[in-house]
2 protein chains.
Amino acid sequence: MEINQIIDNIYPLTSISKDLIKASIVEMKFPKGHILFKANKIEKSIYFIKKGIARAYAYSDDNQITFWFGKEGDPIVSMQSYVNNEKGYEDVELLEDCELYELKTEQLQKLFLEDSHIANWGRKFAELEIIKSEKRLISLQFENATQRYLALLNNYPSLLQRVQLSHIASYLGITQISLSRIRANLK
Amino acid sequence: MEINQIIDNIYPLTSISKDLIKASIVEMKFPKGHILFKANKIEKSIYFIKKGIARAYAYSDDNQITFWFGKEGDPIVSMQSYVNNEKGYEDVELLEDCELYELKTEQLQKLFLEDSHIANWGRKFAELEIIKSEKRLISLQFENATQRYLALLNNYPSLLQRVQLSHIASYLGITQISLSRIRANLK
DNA sequence: TGTCGTTTTTATCATTTGTTAAATGATTTC
DNA sequence: GAAATCATTTAACAAATGATAAAAACGACA
């Protein structure tokens with residue numbers, strides 16, 4: 001997805017303000033498997049996915065637990081870094097060859113203070129992330145694993161073709177074996 | 001908690017901007033048991049808790065499931081209404097006699113467009129809500145019920161004295177009976 | 001204090017999910 | 001195309017949680 005559309009989908013901006021954001025954006029390519037964010041590090045940039053797919057995970061004991069997937073158009077953000085300038089707890093791994101738009105947090109923070117439209121764009125950006133997070137939370141608390149699996153496929157039909165089941169199981173909060181059982185029961 | 005402190009804790013504002021927000025705020029009192037938000041309704045206001053405690057819940061089949069607690073200093077927001085001007089899915093019930101600060105969303109939206117400092121305040125407000133939501137999500141996905149119970153008590157020591165165990169169990173994503181077992185095992 | 005209604009705990013059994021191990025399938029590499 | 005590696009499924013048993021019912025504890029209040 002192109003950067004103009006990504007920016008506009010968040011909040012409509014005049015072309016002047018949009019150009020200010022775009023002037024701070026650099027396009028980058030990374031291969032499948034690249035680790036974009038490392039846990040326990042303050043991330044200095046946020047990204048938008050032009051092409052490809054990514055996951056965020058953290059460790060619980062020795063297990064990687066995936067808690068986020070991002071696809072074309074989605075932002076990649078370590079919220080702890082972005083909001084509080086603190087170390088994040090997650091790795092972000094690219095699951096396909098990716099084309100990304102990089103935006104340095106420091107530059108964005110400057111724009112927030114210099115341009116009130118961009119401040120409102122940043123507000124909307126955060127608000128939309130809350131909605132996503134809240135939906136996911138409700139899904140985890142209200143639905144059982146089977147319902148969550150079906151809902152995920154519904155929201156994201158190509159996920160099965162693009163991502164290993166072990167990552168999906170982990171995202172759903174169950175073991176891969178349990179997901180296998182669920183899939184077997186659905187047949 | 002007083003409104004000045006609540007506003008400042010989110011993002012520091014000049015007294016001019018802060019006064020603009022405060023001019024739109026009305027203090028209100030409601031008795032224990034009052035239903036502040038009703039599901040399937042567009043909520044026109046957000047609130048801040050001066051004194052008291054509240055919970056948000058939604059129905060799953062016939063069961064109320066509590067997914068949020070708010071105490072002194074916390075905002076009460078139906079995010080679907082606040083962000084998208086759409087119907088919320090939750091009721092909010094006051095669990096004690098409450099003193100609240102009411103802020104009409106429409107007035108706040110105006111302030112966002114008129115005052116860039118307030119726009120940044122609104123951005124920070126949203127960003128802090130993301131952090132809360134993300135922490136809760138991680139807790140639900142990474143921790144078992146016992147760990148979640150202990151973490152909740154840790155973050156919120158007075159909760160046990162102020163809220164029924166049935167609400168806490170529901171918030172933890174387990175039945176009250178299961179919470180009883182967990183508590184018995186901890187002794 | 002004693003009763004009533006509500007909240008919390010305990011007990012029993014069924015169901016779901018986790019754990020470990022092994023078998024099957026799919027993909028890569030030489 | 002055979003071997004090696006990785007992903008997925010199946011099986012058997014253990015542990016955690018849910019459902020239902022009943023008992024115990026607690027609180028409000030006459």
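Throughout, a chain's letter reflects where its sequence line sits, starting with A, and its residues are numbered from 1. Values below: all heavy atoms of this structure, side chains included; hydrogens, waters and symmetry mates excluded.
Annotation: side chain of Lys18(B) is in contact with side chain of Asn4(B) (closest heavy-atom distance under 4.5 Å). Between Glu90(A) and Tyr57(A) the shortest side-chain heavy-atom distance does not fall below 4.5 Å. By the 4.5 Å heavy-atom criterion applied to side chains, Gln80(A) and Ile131(B) are counted as neighbours.
A heavy-atom distance below 4.0 Å to DNA chain D is reached by none of the residues of residues 144-152 of chain A.
A donor-acceptor pair under 3.5 Å is formed between the side chain of Glu43(A) and the backbone N or O of Lys38(A). Using modelled atom types, no side-chain atom of Asn63(A) and backbone atom of Ile65(A) make a donor-acceptor pair closer than 3.5 Å.
Across all strands, Arg181(A) comes closer than 4.0 Å to base atoms (heavy-atom distances). Ile177(B) comes within 4.0 angstrom of a base, heavy atoms only. Among the protein residues, Ser180(B) comes within range of the nucleic acid bases, having at least one heavy atom under 4.0 Å from a base atom.
With Tyr171(B) as the aromatic partner, Arg136(B) meets the cation-pi criteria of under 6.0 angstrom to the ring centre and within 45 degrees of the ring axis.
The NE2-C1' distance, from His167(B) to dT6(C), rounds to 12 Å in whole Å. The distance from atom CD of Gln176(A) to atom P of dG25(C) is 16 Å, rounded to the nearest whole Å. Put simply, CD1 on Ile174(A) is 15 Å from C1' on dT19(C), counting in whole angstrom units. Between Asn185(A) atom CG and dT17(C) atom C1' the separation is 12 Å, expressed in whole Å. With rounding to whole Å, Leu186(B) atom CG is found 11 Å from dT9(C) atom P. In this structure, the CD atom of Glu143(A) is 17 Å from the P atom of dT16(C), given to the nearest Å. Across the protein-nucleic acid pair, Leu165(B) atom CG and dT10(C) atom P stand 12 Å apart, rounded to whole Å.
Here the range on DNA chain D touched by chain B, meaning any atom under 4.0 Å from one of its heavy atoms, is dT17(D) to dT20(D).
Atom NZ of Lys41(A) has more than 12 heavy atoms from other residues, nucleotides or ligands within 6.0 Å.
Here Ser166(B) does not reach the OP1 or OP2 of dT7(C): none of its side-chain N or O atoms lies under 4.0 Å away.
Ion pairing of Glu114(A) with Lys110(A) is absent here, as no side-chain N (NZ or NE/NH1/NH2) approaches a carboxylate O to less than 4.0 Å.
Using cut-offs of 30° and 60° for the angle between ring planes, the Phe112(A) and Tyr82(A) rings count as perpendicular.
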